[in-house]
Number of protein chains: 2
Amino acid sequence: MFDGDSLESVILMLDGFACRYKHLDDGRRQITGYLVPGDLCDPYVFMLRKIDYSVATLCPALIAKVPRSKLVKILDEYPRIARALWWSALVDEGILREWVVSIGRRTALERTAHLICELYHRLQAVGLARNNRCEFPITQQDLADSLGLSAVHVNRTLQELRSKKLIVQRNHSLVMLDPEKLRDLALFKQSYLHMAEDGNNSRHEFMTSRAKHAPPLSRMIDQKGG
Amino acid sequence: MFDGDSLESVILMLDGFACRYKHLDDGRRQITGYLVPGDLCDPYVFMLRKIDYSVATLCPALIAKVPRSKLVKILDEYPRIARALWWSALVDEGILREWVVSIGRRTALERTAHLICELYHRLQAVGLARNNRCEFPITQQDLADSLGLSAVHVNRTLQELRSKKLIVQRNHSLVMLDPEKLRDLALFKQSYLHMAEDGNNSRHEFMTSRAKHAPPLSRMIDQKGG
DNA sequence: CGGATCGTTGAAGAGTATCAATTTGAGTGG
DNA sequence: CCACTCAAATTGATACTCTTCAACGATCCG
């Protein structure tokens, strides 16, 4: 799905990771957000005819493609889903604001820690993380393009997080060894994610609602694209 | 209006400039967006009980305070306004994505030029800029906190834009001497603002609609706060 | 006129980028 | 199971953008 495309259907992440990103003309890339299971790639289909960013998967992913017309009908029938969608867009905006704060004012170390915290908490909210461990299929180059750093510097920053005994990475998963210290270092305040106290949010509801009422899924296994 | 406040009414900018910002615990500040006439400070009142940022005016400003209940009624009666609100939130998100790209991947010079272009085009869209001139009541410290730079560096960056004959500043207004070169330098693509070809957008409609149906305005002159 | 805020300048240093090479690790096919 | 390949991670050296600090000048306003 690319910058400038028209929107004829909405894509829901069922499994795997993806990201939104933009390219500058000379090739510089900036990732503007991650999509985890339960997220919609493009909740803008109702207002904007074109999207102004691209989406790429970071690993093989499972998605549901919901035709625009079908989604409109679903939203009419199940207003809770409409509300969840609206909520979700606002949460996305809050996350985006925090990214601006991170890239603008946090140091490389704080910024990297903050992104790890964000992803862990979002995955936890949809039941995909526990015991301080979660999938982490994001390359150092992707992190660099998310954090406004170079890949080399991300590498050294991750080394520092490891040497401080805050995280370990194995295969494509990550463990927070001392979540509290990590959040302190990151200046991380969970509240901006607007989740309930128990760590759940309405996306979870959206996912489970979806399971009962969803249109047929199209299955797509996709290699990482750029 | 501060981080954590409950939302009992929505504030509409009628005149003047304001910004959204967040503080880190140690005092570092990051501005996450500007509010110009026609913008709502907090279009989140419908879903989120708390806001996760603060708002400050940058100059004496005129605002309309719309009680939550009244706005709900207005939106029921005039669905076009509801649509404009929804649209507006999506445009805000697009702007935020572009800020992430700017701070993450544009150089200081490009980034500064890009913010100038954004503000000019947004002001033009609500009829507050023409002939490449607009109000610009933003201090270098504010620019620094918007662009993720130090005030000193913003100063030198503005000097460079002036020495390249791209802008001039007088009093509190700014003139783009060579808008095309400025946009090229900034890698600025107008499309992300999702405005119509003529430079107008639905916020303008929102403003004029409001004039006919608005609740009584409360007038508030406010000194810059932090 | 005095005080505050904002803008400007210079010098020195920190943080991060860049470049280039090397190592590691995960497939893949023989 | 091993050799091969390719992408990702790591390392070192060097350069540069931007920050910090401190001082000074300009402007505004009561």
Side-chain angles (χ1 to χ4, degrees), chain A residues 17 19 24 26-31 56-60 102-113 116 135-163 167-174 185 221 223-226, chain B residues 17 19 24 26-31 56-60 102-113 115 135-163 167-174 185 221 223-226:
Chain A
F17 285 66
C19 65
L24 298 181
D26 62 0
R28 278 173 283 178
R29 182 178 78 141
Q30 176 66 43
I31 291 176
T57 54
L58 300 174
C59 56
S102 267
I103 305 179
R105 287 293 179 237
R106 284 187 176 90
T107 67
L109 193 67
E110 293 164 354
R111 207 183 298 185
T112 307
I116 289 170
E135 293 297 302
F136 202 81
I138 306 174
T139 68
Q140 294 182 358
Q141 183 61 60
D142 291 332
L143 285 176
D145 288 342
S146 307
L147 299 169
L149 300 169
S150 68
V152 170
H153 201 65
V154 166
N155 181 290
R156 292 177 174 136
T157 303
L158 287 173
Q159 286 179 43
E160 193 173 345
L161 288 176
R162 283 186 223 120
S163 75
I167 63 166
V168 293
Q169 294 175 273
R170 273 211 325 276
N171 297 327
H172 290 148
S173 77
L174 181 145
L185 168 63
I221 303 295
Q223 279 308 310
K224 175 177 174 177
Chain B
F17 286 66
C19 65
L24 297 181
D26 61 1
R28 280 174 281 178
R29 181 177 79 142
Q30 176 67 43
I31 291 176
T57 54
L58 301 173
C59 56
S102 268
I103 305 179
R105 285 293 180 236
R106 284 187 175 91
T107 66
L109 193 68
E110 292 164 355
R111 204 184 300 186
T112 308
L115 180 57
E135 293 297 303
F136 203 82
I138 305 174
T139 68
Q140 293 183 356
Q141 183 60 61
D142 291 332
L143 284 176
D145 288 341
S146 308
L147 299 169
L149 299 169
S150 68
V152 170
H153 201 64
V154 166
N155 181 291
R156 290 175 176 138
T157 304
L158 287 173
Q159 286 179 43
E160 193 173 345
L161 288 176
R162 284 186 221 119
S163 77
I167 63 166
V168 293
Q169 294 175 273
R170 273 211 324 278
N171 299 325
H172 290 148
S173 77
L174 180 147
L185 168 63
I221 304 296
Q223 280 307 311
K224 174 175 176 178

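In the text below, chain A, chain B and the rest are named by the order of the sequence lines, each starting its count at 1. The basis for the numbers below is simple: all heavy atoms, side chains too, and nothing from hydrogens, waters or symmetry mates. This is a predicted model, so every value here is computed, not measured.
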I want to verify a distance call: between [options], whose nearest atom is closest to the [X] side chain?
X	options	result
B/Leu149	C/dC6, D/dT19, C/dA17	D/dT19
B/Val152	D/dT20, C/dC19, C/dG7	D/dT20
A/Arg156	D/dG12, D/dT20, C/dG7	D/dG12
A/Gln140	D/dA9, C/dA17, C/dT8	D/dA9
B/Gln159	D/dT10, C/dT9, D/dA8	C/dT9

Starting at atom [atom1] of [X], determine the distance to atom [atom2] of [N], rounded to an integer number of angstrom.
X	N	atom1	atom2	result
B/Ile103	C/dT16	CD1	P	15 Å
A/Arg170	C/dA26	CZ	C1'	17 Å
B/His153	C/dG15	NE2	P	17 Å
A/Arg105	D/dC18	CZ	P	13 Å
A/Gln169	C/dA26	CD	P	13 Å
A/Arg111	C/dG15	CZ	P	13 Å
B/Ile138	C/dC6	CD1	P	13 Å
B/Asp142	C/dT5	CG	P	14 Å

Notebook entry, point to check: Would A/Cys19 and A/Asp142 count as a side chain to side chain contact (heavy atoms under 4.5 Å, CB included) if you check the C-alpha gap in whole Å, the side-chain angles of each, and the deciding distance to 0.1 Å?
Noted result: CA-CA 9 Å; A/Cys19 65; A/Asp142 291 332; 5.9 Å; no
Next item on the list: Ignoring backbone atoms, test whether B/Gln141 places a side-chain nitrogen or oxygen under 4.0 Å from the OP1 or OP2 oxygen of C/dT5.
Entry: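 B/Gln141 to C/dT5 OP1/OP2: no side-chain N or O under 4.0 Å.
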Item checked: C/dT8 phosphate, OP1 or OP2, under 4.0 Å from B/Asn155 side-chain N/O ->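 Indeed, a polar side-chain atom of B/Asn155 lies that close.
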Note to self: Counting the atoms with a prime plus P, OP1 and OP2 as sugar-phosphate, which does A/Arg162 contact under 4.0 Å by heavy atoms, base, sugar-phosphate, or nothing?
What the structure shows: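 Counting heavy atoms under 4.0 Å across all strands, the contact made by A/Arg162 is with sugar-phosphate only.
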Next item on the list: Quick one: label B/Ala151 by what it contacts on the DNA or RNA (base, sugar-phosphate, nothing), any heavy atom closer than 4.0 Å.
Entry: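 The answer is nothing, as B/Ala151 stays clear of every strand by at least 4.0 Å.
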Margin query: Apply side chain to side chain contact (heavy atoms under 4.5 Å, CB included) to residues B/Thr157 and B/Leu147 and explain how you reach the verdict.
Written below: CA-CA 11 Å; B/Thr157 304; B/Leu147 299 169; over 6 Å; no
Check: So, do A/Arg28 and B/Thr107 sit near enough that their side-chain heavy atoms are less than 4.5 Å apart?
Finding: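 Sidechains of B/Thr107 and A/Arg28: in contact.
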Notebook entry, point to check: Are any of the side-chain heavy atoms of A/Glu160 and A/Thr112 separated by less than 4.5 Å?
Noted result: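 Counting from C-beta outward, A/Glu160 and A/Thr112 never come under 4.5 Å.
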Notebook entry, point to check: Can any side-chain N or O of B/Gln30 pair as donor or acceptor with the backbone N or O of B/Asp145 at less than 3.5 Å?
Noted result: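 A pair under 3.5 Å: yes.
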Note to self: Quick check: on DNA chain C, is the nucleotide nearest A/Asn171 upstream (toward 5') of the one nearest A/Ser150, or the reverse? Name the residue that is more 5'.
What the structure shows: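 Result of the comparison: A/Ser150.
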